[in-house]
Amino acid sequence: MSDKRNLFNKVWDLHTVQTLPGGQTQLFVGLHLIHEVTSPQAFEILRDRKLSVAFPERTIATVDHIVPTSSQARPFLDGLAEQMMSAIEKNCAEFGITLLDLKDERQGIVHVVGPEQGLTQPGMTIVCGDSHTSTHGAFGSIAIGIGTSNVAEVLATQTMFLSRPKVRRVVVNGELASGVYAKDVILYIIQQLGVQGGVGYAYEFAGTTFDSMSMEERMTVCNMSIEGGARCGYINPDQTTVDYLQGRSFVPKGADFERAGKWWLSLASGEDAQFDDVVEFRADEIEPTVTWGITPAQSVGISQPLPKVNEVAADEQRLIREALDFMGLKEGQSIKGTKIDVAFIGSCTNSRISDLREAARIVEGHRVSPHVKAIVVPGSQLVRKQAMAEGLHKIFEAAGFEWREAGCSMCLAMNPDKLQGREVCASSSNRNFKGRQGSPTGRTLLMSPAMVAVAAIEGHVADIREFAGVLV
Ligand code: SF4
């Protein structure tokens, strides 16, 4: 008899320790990723209760949020950042956890490092004290962001209690047009379904558009599932997944790899798999997409006007007005032509080598507009090294970008990279909430790294499809 369970339910069932009378599941956690910001309090809880880490070999730490990207010399100028760094070093040493610190070339943003090292594998349950843990779902795992108190729970027991979400299949079929990227696809999905649309659901992204994406593109999509309210997002493993993982440090070798590969492929939702909901979109509906507001759902295709307040549902009008006021934009206007002050290429959404290659291809031979501060922040030291081996840093620097060390940088601005005052930032990151980039009045326009590159050169939001010679 065929298994009608989708991948999510197969993986959930495989990791179920017990189901509580109230319906919650105690789920075994295959991989726990930790970083310097949400782990110190968790280790203090362990110390207070005289507990050890249940599975140190299933726990991996890196440092990313607070790391300065212009100079990583210790001690950091920011005393609090230095304290967090010292705490994770001490905690990992004391509890026997591998730490990929600044001296380790595997260091980088936690959601870049996991896949890069092959720690992230299909069929796993993965948690991390960071919302964008959903990134790892690109490999066909259940990857969930957790809070600080849950970090302590997972360290102590390698399990956590969760309610099983429903599963919505989000289907996109067709070929993306030139100048349209994975980032545009996920911004479009969130625009269509809303920031609350995924509440109570895991998203399975399926269809020919995702089938033909690289693993790095799939990570961009799954990274932002959380921005659409979903508990997590995933894509079924296929040959692209298996090929990406082959040879990575933490992936089995030889016959074990062959065996693992077969098992990974067997987890994919079958043709008759059942879902709680299915929505479908067409790739040719999607154009380069830019957020104009203060939630990731407030976005428009670059050729579309901003909404008019009285044309949207009554319960949305207040938020639209608030967003227009905050952003200094007018209803019905075009986002194209909006002047920017800062261009940021980085974050766990878009700081991988394929993102940097595409941005470098666009900026080559051009100059950043004189009024724009532009920075490129690779997602990991290995991405940085690869980019430099390919000479990408020289292209960015010749164009007037600053080439930085690996870290979260301006995505969250828990480090010196912050917007100032009312600056407008074209950003390849994932959140445009008020104050997200370090200034309470700073304004964020989310877009693909390619569109950030074009905006940096033009000095304003522009349509990549109209930028000389870029489209192939
Ligand atoms: S890049 Fe941004 S979203 Fe990603 S882990 Fe860092 S702070 Fe979180």
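Hydrogens, waters and symmetry mates play no part in the numbers below; they use all other heavy atoms, side chains included. Just follow the structure's listing: the first ligand is 1, and inside any ligand the first atom is 1.
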Which ligand 1 atoms are under 4.0 Å away from a heavy-atom of [X]?
X: Asp130; answer: 5 (S), 8 (Fe)
X: His132; answer: 3 (S)
X: Leu412; answer: 7 (S)
X: His111; answer: 5 (S)

With heavy atoms under 4.0 Å as the rule, classify the contact between [X] and ligand 1 as side chain, backbone, both or neither.
X: Arg436; result: side chain
X: His65; result: side chain
X: Asn430; result: side chain
X: Ile109; result: side chain

Is the ring pair [X]/[Y] parallel, tilted or perpendicular, if the boundaries are 30 and 60 degrees?
X: Phe43; Y: Phe95; result: tilted
X: Phe205; Y: Tyr203; result: perpendicular
X: Tyr188; Y: Phe281; result: perpendicular

**Report entry** Protein residue, atom and distance nearest to atom 6 (Fe) of ligand 1, heavy-atom basis
**Finding:**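 Protein heavy atom with the smallest distance to atom 6 (Fe) of ligand 1: Cys408 SG, 2.3 Å.
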Query raised in the report: Looking at atom 2 (Fe) of ligand 1, what's its closest protein heavy atom, distance included?
Result: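 Ranked first by proximity to atom 2 (Fe) of ligand 1 is Cys411 SG, 2.3 Å.
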Report task. Can you spot which of Ile302, Ile189, Ile286, Ile464 makes a side-chain contact (heavy atoms from CB on, under 4.5 Å) with Asp184? Result ->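 Testing Asp184 for a side-chain contact (heavy atoms from CB on, under 4.5 Å) against Ile302, Ile189, Ile286, Ile464 leaves exactly one candidate, Ile286.
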Requested in this report: Count the heavy atoms belonging to other residues, nucleotides or ligands that lie under 6.0 Å from NZ of Lys418, then report whether that count exceeds 12.
Outcome: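 More than 12 heavy atoms, drawn from other residues, nucleotides or ligands, come within 6.0 Å of this atom.
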Query raised in the report: Do His32 and Val127 have side-chain heavy atoms sitting under 4.5 Å apart?
Result: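 Result yes, sub-4.5 Å side-chain heavy-atom pair found.
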Query raised in the report: Counting backbone and side chain alike, does Cys348 bring an N/O/S atom below 2.8 Å of atom 4 (Fe) of ligand 1?
Result: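 An N, O or S atom of Cys348 is closer than 2.8 Å to atom 4 (Fe) of ligand 1, so yes.
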**Report entry** Any donor-acceptor N or O pair under 3.5 Å, side chains Thr241, Trp264
**Finding:**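 No donor-acceptor contact under 3.5 Å links the two side chains.
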Query raised in the report: Taking atom CZ of Arg218 and atom OG1 of Thr135, what is their separation to the nearest 0.5 Å?
Result: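 Arg218 CZ to Thr135 OG1: 15.0 Å, rounded to 0.5 Å.
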